[in-house]
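Taking it in order: structure first as structure tokens, then the write-up.
Numbering of ligands and ligand atoms starts at 1, following listing order.
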Amino acid sequence: MKFSGKNVLITGASRGIGADIARVLAKMGLKVWINYRSKPELADELMNEINKDGGQAAVIKFDVTDEDEFIKGINLIIDSDGELSYLVNNAGITNDKLALRMKTEEFTSIIDANLTSAFIGSREALKVMSKKRFGSVVNIASIVGETGNAGQVNYSASKGGMIAMTKSFAKEGASRNVRFNCITPGFIQTEMTAVLSEEIKKAYVDSIPLKRLGNPEEVANAVAFLLSDYSSYTTGEVLKVNGGLYV
Ligand code: NDP
């Protein structure tokens, strides 16, 4: 892959999909900033692994729901590197239950964690990238943002909102050569899906045309494409990485 920029910030990169995004992008020559919230040991381990493999990695702690911390984090990166070329809004959480039992706070807290955080990151990135007339942002949404899912009105609303938000940012960023795209993963093997029972997982696998769950690296490869110059004429797009589940 070809990258005109030098560095990338990946939110929620200490484990799961975010960690593999960091590994893949570092192998492709970008300096990766590994954001974490609560597990410094995991973030440090990943940083050391990447640096040992000849890549360039640094860790940066902030909670994406804290606007001041998020902005400080981005400023710190710019102070260090003189630029921020790429951003991946990956941090996300679930809190599943049927809508009839869901408290309003259980709805809005997921919107804050998954959608408002990505808004803050995208807005701040656009400010910085506009000045250089270059940048690319990838938001990690979800297939349930396209299809809906019982037990996930909060999560699916946050991811559906993310898809629409990405398209709007793409329209605002285009005149400054800043691209915004998103990825909608299906079921990917991480701690987020590890909580599902074997019975539910089997039911999902049966319904996936490729007959297996995805792995984080397969999402990371799609992120690399959308960040890189290989997708330089693509903005406002939704790339499905779901084993054919949406077909
Ligand atoms: P994991 O639960 O494995 O990892 C989530 C990561 O996000 C962790 O590093 C976590 O950090 C971080 N995070 C959560 N909240 C915050 C916060 N407020 N500030 C900073 N970091 C935070 O999830 P996945 O890797 O599976 O998911 C990554 C993204 O992909 C999410 O947006 C998810 O919605 C999306 N996705 C996942 C799918 C799947 O099947 N796994 C399918 C579709 C989309 P910490 O360790 O501190 O909690």
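- Below 30°, between 30° and 60°, or above 60°: for Phe3 and Tyr86 the angle between ring planes is above 60°, a perpendicular geometry.
- A salt bridge is absent between Lys52 and Glu49: the closest approach of a Lys/Arg side-chain nitrogen to an acidic carboxylate oxygen does not fall below 4.0 angstrom.
- A salt bridge links Asp81 with Lys31: the distance from a Lys NZ or Arg NE/NH1/NH2 to an Asp or Glu carboxylate oxygen falls below 4.0 Å.
- For ligand 1, the protein residues placed under 4.0 Å by at least one non-hydrogen atom are Gly12, Ser14, Arg15, Gly16, Ile17, Asn35, Arg37, Ser38, Lys39, Phe62, Asp63, Val64, Thr65, Asn90, Ala91, Gly92, Ile93, Ile140, Ala141, Ser142, Tyr155, Lys159, Pro185, Gly186, Phe187, Ile188, Thr190, Glu191, Met192, Thr193.
- Side-chain contact between Asp206 and Lys202 is present, with heavy atoms from C-beta onward closer than 4.5 Å.
- Under the 6.0 Å cut-off for aromatic ring centres, Phe225 and Tyr230 do not qualify, their centroids lying 6.0 Å or more apart.
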*Given side chain to side chain contact (heavy atoms under 4.5 Å, CB included), test Ile140 with Val223 step by step and report yes or no.*
CA-CA 9 Å; Ile140 308 298; Val223 171; 3.8 Å; yes

